[in-house]
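These figures come from a predicted structure and were not determined experimentally.
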Amino acid sequence: MMGMTFLGLSLQVWFILVLTLGMFYMLVRTRVPAEVTFLGAVTLLLVANVVSENDVMQAFGSEPILVNAAFYIILAALMTSGVIYWIGKYLLGTPSTFRRAVVKLMVPVSVLSAMLGSDNAVGIFTDMVKMWARKLEISPAKLLIPLSYAATFGGMCTLLGQSSNLIIAGLYVETTGNSLNLFAPLVPGMACTIAGIFLITLLRRFLPNREAPEVSFEDTSDYTVELLVPTDNDAVAMTVRDAGLKEVRGGSLIEIVRFDKEVISPVPDDEYIFGGDRLVYSGQINEILELKQSHGLVAADHHVYSINEIDNNRKLRTAYVNFGSDLIGTCMSKSNFEHRNDMVLVAVARQGKRVDQQPREVVLEAGDTLLLECPPKKDQDIETNFKRSLTFFDSQFIPQLGIRTIISAAILVIMFILSSFKVLSLITCTMVAAGACLCFRCCRMTKIVKYIDWNFLLVLGSLIVFSTAITNTGIVTKIADVILDTFGGNPYIIITVMCIIASVASEVSSNVATGAIFFPIVYQQAMLLGCNPLPFIIAIMTAVNISFCTPIGSPTLMLIYGPGGFKFTDFWRLGIWMHLLILAVALATIFIFYPMY
């Protein structure tokens, strides 16, 4: 295949180009999981003999994979020991103005994301920020976007702050044999953080004013209705299916409350009806009330189905449909999701407003808010089981603070000190820190498994393989030559052009994928120009994280999309300004502080 050419390019190069376009299409336009897309690409690369089995083995055993895996252990220790809970509880306070609230939020979040990763910081603080916003009488949307931006800015400051930083640093080690300092991107990251906080306060009028989706769920009597079965009703001793009381016009039966307070939920088709049963329906209230006339039911004496639980063993939980979730495009009435997971869908909200339709007939979209009646499981168990499909943001988990809280925090600080002064390499520091967390019993193995994102590790390893493939085929050199011929040999112009392209690409694709693809190109450009590769690497490391206009390319915006009740277009007004200004600040900082030769 290598010897054959078409339009001046080898068939392997054409294969890589087509495969790259196919991957972007699958990520942007389909619901195929990212790890399936990337693993499929790796399989095709192996079959086409573009990469070897050894390349794949080295990629999945590389530094980015091992560092991420070890860091999941550290994160589990910080979460379960209460370090993160303490930070969230005592740092926010009660500021007197919106400007102070933004600063008080963004500063600690940016610091925390530099240490724990931007995605983790947003996931940790989202619930806290929503409760804080209600306390301050501010729309949660006006604080959730600053939360997302702060996590992105802070994550730019260290290699651990963004997964894209870590993968670019790993590729740099494999290419040069030299490792980057943990704080290699600190200067442009800090400049972007300071500029970002200032710009948020300056451009706050562009922040959308959206009502939180769960506001629609505060009064359950607005969308549930209870009807009582008289003892002489014809439906007594019949199953709910035979009596025609399971799926009814305008709604569905979600719960039966027996006269002795026994709760049956979800309700199976073959459940028998007894006199005195209270049938709880959700959906279109006016249509459901017609059952009083058509089926001889009567109004219950009072409304018992509420947010405060009807039974201590079952809870109403709020969850958001993730981007890429297998629930997108489906409705509960045509799937076995509720039956399989012992859950009941009670209501659906979209962009801050309850969907005025029978909940089980609503075709779900990314970002939809679901009110679910959940089984008697621990909050963490529920959140772990549905990590791919749903994100729960109303966890009741409160850790016990104690000596292990102090030990976990100390381990994290020591890890950063040893790595920043290069006493130990980054991979050694994280492995030692993870081992210390286990030795001091800051977390248990069962907890660690729940925190490890196996799908992300698969994506990371696949992207390293893909980066190796585009280097092996020679396409990197061709692209670098074309760019140099087009824009001349000025390194400042080349870096600017590459950062603009990379930042735009990151708006519609993963920053990790964009970083893996662009790294070999910019490195090759630095070599052809005879320049110091560090400013090229730091520039592209920063550029791929400048994604503020769409939730597709920004993991932190994806995490707040559902909880904030945002519309897809809400991010454009402020996002365009942030993209342009932050990119300018990053480039200016890199040109000043990183020598080209």
Side-chain angles (χ1 to χ4, degrees), residues 31 122-123 125-134 138-145 147-148 208-224 251-252 254 282-284 305-309 314-333 335 337-338 341 343-374 379 382-383 385-396 551 555-571:
R31 292 189 290 112
V122 173
F125 272 87
T126 297
D127 244 11
M128 298 180 193
V129 168
K130 294 187 71 173
M131 291 186 289
W132 193 49
R134 181 173 296 186
I138 298 174
S139 167
K142 287 185 175 293
L143 291 177
L144 285 174
I145 287 183
L147 166 66
S148 171
N209 187 20
R210 297 291 176 194
E211 197 171 71
E214 63 270 19
V215 171
S216 303
F217 299 155
E218 288 184 346
D219 186 3
T220 55
S221 62
D222 286 343
Y223 55 88
T224 62
S252 58
I254 61 173
S282 69
Q284 300 292 95
Y305 194 78
S306 69
I307 286 288
N308 297 324
E309 307 170 29
R314 295 188 69 84
K315 297 181 179 180
L316 286 172
R317 300 286 309 277
T318 305
Y320 306 96
V321 179
N322 297 331
F323 281 84
S325 170
D326 53 7
L327 292 175
I328 296 174
T330 67
C331 58
M332 291 298 181
S333 64
S335 73
F337 179 86
E338 293 171 299
N341 299 300
M343 289 184 174
V344 177
L345 177 64
V346 178
V348 180
R350 182 170 297 157
Q351 297 173 0
K353 297 181 179 180
R354 185 170 65 87
V355 178
D356 193 19
Q357 184 182 344
Q358 182 181 344
R360 301 185 72 254
E361 298 298 330
V362 175
V363 179
L364 300 177
E365 299 178 3
D368 281 354
T369 308
L370 311 183
L371 186 65
L372 296 162
E373 190 187 64
C374 298
D379 288 343
I382 293 175
E383 291 158 17
N385 294 340
F386 303 103
K387 185 184 294 185
R388 169 176 296 284
S389 301
L390 300 172
T391 298
F392 288 85
F393 278 98
D394 54 355
S395 175
Q396 304 298 317
T556 59
L557 289 181
M558 281 188 185
L559 287 171
I560 67 168
Y561 185 78
F566 294 106
K567 291 183 179 180
F568 198 85
T569 54
D570 283 341
F571 304 102

Query raised in the report: Is V362 close to C331 at the side-chain level, that is, under 4.5 Å between some pair of heavy atoms?
Result: no
Query raised in the report: What are the two closest heavy atoms between F571 and P551, and how far apart are they?
Result: CD1-CD, 3.8 Å
Query raised in the report: Are any non-hydrogen side-chain atoms of T318 and L371 less than 4.5 angstrom apart?
Result: yes
Query raised in the report: Does P563 offer a backbone N or O that forms a donor-acceptor pair with the side chain of K130 under 3.5 Å?
Result: yes
Query raised in the report: Shortest non-hydrogen contact from P140 to A133?
Result: CA-CB, 3.8 Å
Report task. Flag the pair Y320 / D368 as yes when at least one side-chain heavy-atom distance between them is below 4.5 Å, and no otherwise. Result -> no
Query raised in the report: Which distance, rounded to the nearest 0.5 Å, do you find between the CG of L370 and the CG of L390?
Result: 6.0 Å
Requested in this report: Check the pair L147, T126 against side chain to side chain contact (heavy atoms under 4.5 Å, CB included), reporting the backbone distance first and the verdict last.
Outcome: CA-CA 8 Å; L147 166 66; T126 297; 4.0 Å; yes
Report task. Grab the two heavy atoms, one from L364 and one from L327, that are nearest each other, plus how far apart they are. Result -> CB-O, 3.7 Å
Query raised in the report: Who passes side chain to side chain donor-acceptor pair (under 3.5 Å) against T556, sequence neighbours left out?
Result: S148, T152, S554
Requested in this report: First locate atom CG of L557, then atom CD1 of I145, and finally report the distance between them rounded to the nearest 0.5 Å.
Outcome: 7.0 Å
Report task. Give the minimum heavy-atom separation between I328 and V321, together with the two atoms involved. Result -> CG1-CG1, 3.8 Å
Report summary line: G564 and L144 have their tightest heavy-atom pair at CA-CD1, 3.5 Å
Query - Over all atoms of both residues, closest heavy-atom pair of A141 and F566 - result: CB-CE2, 3.4 Å
